[in-house]
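Here is the structure we will look at.
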Protein chains: 2
Amino acid sequence: MTRPLLRIDDPADPRIAGLVSIKERDLTGRQGRFIAEGTVVLRMLAAAHSARRGIAAEAILLLESRVFGLAELLAQFPPDVPLYVATSAVFDAIAGFNMHRGVLALGRRDAAPEQEALIAGLPQSSLVLAACGISNHDNMGSLFRNAAAFGADAVLMDMASCDPMYRKAIRVSVGSVLTLPFAREGGAAELIGRLQAADFVVWGLSPRGAVDITAIPPAPRTALLVGTEGEGLPEAILSQIHTARIRQRPGLDSLNVAMAAGIALHQVANINGRI
Amino acid sequence: MTRPLLRIDDPADPRIAGLVSIKERDLTGRQGRFIAEGTVVLRMLAAAHSARRGIAAEAILLLESRVFGLAELLAQFPPDVPLYVATSAVFDAIAGFNMHRGVLALGRRDAAPEQEALIAGLPQSSLVLAACGISNHDNMGSLFRNAAAFGADAVLMDMASCDPMYRKAIRVSVGSVLTLPFAREGGAAELIGRLQAADFVVWGLSPRGAVDITAIPPAPRTALLVGTEGEGLPEAILSQIHTARIRQRPGLDSLNVAMAAGIALHQVANINGRI
């Protein structure tokens, strides 16, 4: 490997300032920077960087003992991405004990696409996951992971949903936040309107849905819509779209939103021959 | 409500010693005690207590402002279960800030059933979720939540799996750990042997599974088996059972274990008319 290893001996070294104290704070929203942690996410960052779709790696920081085992992955980043290394003690002082698994990167996301433009660029045969009011970063990450696994073309959210570029959401998504196109903008009604105007059949998931999830018919363009944890989609929205339910035993809390989306995405991807 | 409210003014009061510092430690394994937190889990504890199937509530601790709103639920507990109340400051000192949502209970689980006995007591038409080497309490809780939602009769685990009575697993399960029969014992091979001896068709979930999950045929007794996070089920086990896969897009990490189990349980519950 010809890439130089830039040693960090001082946790306050300004070159890695963006990676300091990642547990206490999050970079999202600050000039489009984000934190990637762990090998799996670093691999997705390399893929996203290479694809030049608005995601770039700015710096990589590794525990020195991890460098050799990651040589092949590191070679996928262009040589102008600096590679910093640190001992375990320095690494822990930078990032917080045991927060990093020895693999961290600082990334940048350029100006996010607008929903209108993203929808206009989707293929004629499309599957979209839409989400309104998702407040939990684990759920957000899990929604992306499922969307990627079952071949969704994009994830669209309203502004009441949390930011998927948050460190934990990226990690739980196993990095698919970095590779799956998404746009977060406006309100739920506008989002539904945009999808319907682009000939998407919009199916809202709800315990009160009219149709069993296994009865959703194939369609060239399907959007699955999920709502806020706990409360789900409000009646005002359900009345404007098709609705589907996942049958379950009575007397229990309804399924977690990411679980419901996973089951629905699997079902719809299957009937539309996408997986 | 005729139940007396027992006021706690001292966080060191020995009557609520079992509920102190729940974030830092966990009671599981200590004389069969466990912690229930939040309204949803308290409701399941009431149901489990009433059913007299080896789960009992020993004490309830509420933020004083929560008492009135929970009157109906509290009435489901017998009068000999003490109800303690505390102010917000005392409650935080007992349980840790913001750990409790103002609703905590201490419970007891009697000697756990043995797998052999639990399997012998299952109905002729049965669905079982089996798990080997599950190490994460969130995943364990999520497996129970899915098993309950899709009508599994029991959850069976090997001893390499973590204890579902751990506080966080109970919470993530939305309390279904308290109502769904389970047994955790021995190794994976013994568990599979017991299920096969009881005429269960055992289907292991694996990205290398032979049959698509949607092609699993109906059967009077089906057991779905999932393996360790990350590595999944080893070849030595897969070679002894039927195997199924969940199709997904290539090039991504395989689905989270709880997600895979949820999709498989939904599928098998559907084809066997259980939901």
Side-chain angles (χ1 to χ4, degrees), chain A residues 38-41 43-44 46-47 127 136 138-139 141-153 171-176 178-180 207 212-215 229-230 245-267 269-271 273-275, chain B residues 38-41 43-44 46-47 127 136 138-139 141-153 171-176 178-180 207 212-215 229-230 245-267 269-271 273-275:
Chain A
T39 311
V40 171
V41 176
R43 183 165 290 118
M44 297 295 262
L127 173 59
N136 177 291
D138 283 80
N139 286 336
S142 197
L143 287 170
F144 270 84
R145 182 175 180 174
N146 294 336
F150 297 125
D153 297 289
R171 177 159 64 80
V172 172
S173 83
V174 292
S176 54
L178 306 182
T179 55
L180 196 55
D212 188 83
I213 194 82
T214 58
E229 296 94 340
R245 66 180 179 278
I246 297 170
R247 278 202 308 274
Q248 65 166 84
R249 288 289 171 105
L252 296 161
D253 251 31
S254 61
L255 293 169
N256 164 277
V257 62
M259 182 63 59
I263 290 171
L265 284 162
H266 176 254
Q267 182 69 31
N270 252 309
I271 57 156
R274 299 182 66 89
I275 51 173
Chain B
T39 311
V40 172
V41 176
R43 183 164 289 120
M44 297 296 260
L127 173 59
N136 177 292
D138 283 81
N139 286 336
S142 197
L143 287 170
F144 270 83
R145 182 174 181 174
N146 294 336
F150 298 125
D153 297 289
R171 177 159 64 81
V172 172
S173 82
V174 292
S176 54
L178 306 181
T179 55
L180 197 55
D212 187 83
I213 195 79
T214 58
E229 296 93 342
R245 67 180 179 279
I246 298 171
R247 281 202 307 274
Q248 64 165 84
R249 288 290 171 102
L252 297 161
D253 251 32
S254 62
L255 293 169
N256 163 276
V257 62
M259 183 63 60
I263 290 170
L265 283 162
H266 175 254
Q267 182 70 30
N270 252 310
I271 57 155
R274 300 182 64 88
I275 50 174

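Order of the sequence lines sets the chain letters (A, B, ...), proteins ahead of strands, with each chain counted from 1.
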- [ ] Name the option with the most non-hydrogen atom pairs under 4.5 Å to chain B; the candidates are A:Val172, A:Asn270, A:Ile213.
- [x]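 Of A:Val172, A:Asn270, A:Ile213, A:Asn270 has the most heavy-atom pairs under 4.5 Å with chain B.
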Below 4.5 Å from any heavy atom of chain A, which atoms of [X] appear? Answer side chain, backbone, both or neither.
X        : value
B:Arg247 : both
B:Thr179 : neither
B:Arg43  : neither
B:Leu252 : side chain
B:Leu265 : neither

Considering only heavy atoms and a distance below 4.5 Å, find which of [options] pairs most often with chain A.
options                      : answer
B:Gly175, B:Ala149, B:Ser176 : B:Ala149
B:Gly262, B:Gly151, B:Ala47  : B:Gly151
B:Asp138, B:Asp212, B:Asn146 : B:Asn146

Open item on the list: Less than 4.5 Å apart, side chain to side chain, heavy atoms only: is that true for B:Gln248 and A:Phe150?
Closed with: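 In short, these two side chains touch, coming nearer than 4.5 Å.
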Open item on the list: Can you tell me how far apart CD (A:Gln267) and CD1 (B:Ile263) are? Round to the nearest 0.5 Å.
Closed with: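 Rounded to the nearest 0.5 Å, the CD-CD1 separation comes out at 10.0 Å.
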Open item on the list: Please find the pair of heavy atoms, one from B:Arg249 and one from A:Ile275, that lie closest to each other, and give the distance.
Closed with: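 Closest approach of B:Arg249 to A:Ile275: N-CG2, 4.3 Å.
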- [ ] Would you name the heavy atoms of A:Ser142 and B:Met259 that are closest together and state the gap between them?
- [x]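 Between these two residues, the closest heavy atoms are OG-CE, 4.1 Å.
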Task: Interface moiety of A:Asn256 toward chain B, non-hydrogen atoms closer than 4.5 Å - done: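 Contact with chain B involves both backbone and side-chain atoms of A:Asn256.
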